[in-house]
Q: 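Before anything else, here's the structure in question.
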Amino acid sequence: METVEDVVQQDIKEQRALEEKRRMEQMPKGSVLKQLEWATQKSQIENQQRKKNKTKYKGLEI
């Protein structure tokens, strides 16, 4: 019974993460300031991912 609950909770977390990712990928409508803030946040997230990939594959030939 606990295993089922754990799997359900994990699925809920994954769905929330996917929804947040989708939300971040869509540029907000409205003021330029909101759009600029969104672009800055998205850029920071992309830079973090690049750093992770760079350290992950450091020393490996790609």
Side-chain angles (χ1 to χ4, degrees):
M1 197 65 173
E2 289 180 23
T3 305
V4 172
E5 183 67 26
D6 291 342
V7 170
V8 169
Q9 291 300 319
Q10 181 64 28
D11 187 51
I12 290 171
K13 288 178 185 177
E14 290 173 1
Q15 290 298 323
R16 285 182 183 160
L18 285 172
E19 185 62 33
E20 179 67 20
K21 184 178 177 184
R22 281 188 213 119
R23 188 183 67 76
M24 285 301 295
E25 289 175 352
Q26 296 177 351
M27 184 180 294
K29 296 178 182 177
S31 73
V32 175
L33 291 175
K34 286 183 181 180
Q35 293 176 358
L36 184 60
E37 181 181 326
W38 170 83
T40 303
Q41 288 176 349
K42 187 167 181 172
S43 176
Q44 288 174 349
I45 291 170
E46 290 172 350
N47 287 341
Q48 288 174 351
Q49 187 61 42
R50 281 191 201 105
K51 286 179 184 178
K52 283 182 186 178
N53 289 342
K54 191 174 186 179
T55 57
K56 181 178 178 182
Y57 295 114
K58 189 175 186 177
L60 300 176
E61 267 189 55
I62 300 176

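Hydrogens, waters and symmetry mates are skipped; everything else that's a heavy atom, side chains included, is used. Quick caveat, the model's predicted, so the values are computed rather than measured.
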Q: Output the distance between atom NZ (K13) and atom CZ (R16), rounded to the nearest 0.5 Å.
A: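 Taking NZ in K13 and CZ in R16, the distance rounds to 9.0 Å.
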
Q: Using the test side chain to side chain contact (heavy atoms under 4.5 Å, CB included), find all partners of E46 that sit at least two apart in sequence or belong to another chain.
A: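 K42, R50.
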
Q: Does one side chain, of E5 or Q9, offer a donor that lies under 3.5 Å from an acceptor on the other?
A: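 A pair is found: one side chain offers a donor N or O, the other an acceptor, under 3.5 Å apart.
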
Q: Which residues pass the side chain to side chain contact (heavy atoms under 4.5 Å, CB included) test with E14, sequence neighbours left out?
A: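 Testing E14 for side chain to side chain contact (heavy atoms under 4.5 Å, CB included), a comparison that skips the adjacent residues, returns Q10, D11.
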
Q: Supply the members, apart from V8, of the Ile/Leu/Val/Met/Phe/Trp/Tyr cluster built from side-chain contacts under 4.5 Å; use none for a lone residue.
A: V4, I12

Q: Among all residues two or more places apart in sequence or in another chain, which pass the side chain to side chain donor-acceptor pair (under 3.5 Å) test with R22?
A: E19

Q: What pairs of donor and acceptor atoms, side-chain ones from residues 30-40 against any protein atom, are under 3.5 angstrom apart with sequence neighbours left out?
A:
{"unit_1": "S31", "atom_1": "OG", "unit_2": "K34", "atom_2": "N", "d": "3.2"}
{"unit_1": "Q35", "atom_1": "NE2", "unit_2": "P28", "atom_2": "O", "d": "3.3"}
{"unit_1": "W38", "atom_1": "NE1", "unit_2": "M24", "atom_2": "O", "d": "2.4"}
{"unit_1": "W38", "atom_1": "NE1", "unit_2": "Q26", "atom_2": "O", "d": "3.3"}
{"unit_1": "T40", "atom_1": "OG1", "unit_2": "L36", "atom_2": "O", "d": "2.9"}

Q: Looking at residues at least two apart in the chain, or sitting in another chain, which of them share a salt bridge (Lys or Arg N to Asp or Glu O under 4.0 Å) with E20?
A: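 Salt bridge (Lys or Arg N to Asp or Glu O under 4.0 Å) list for E20, sorted by chain: R23.
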
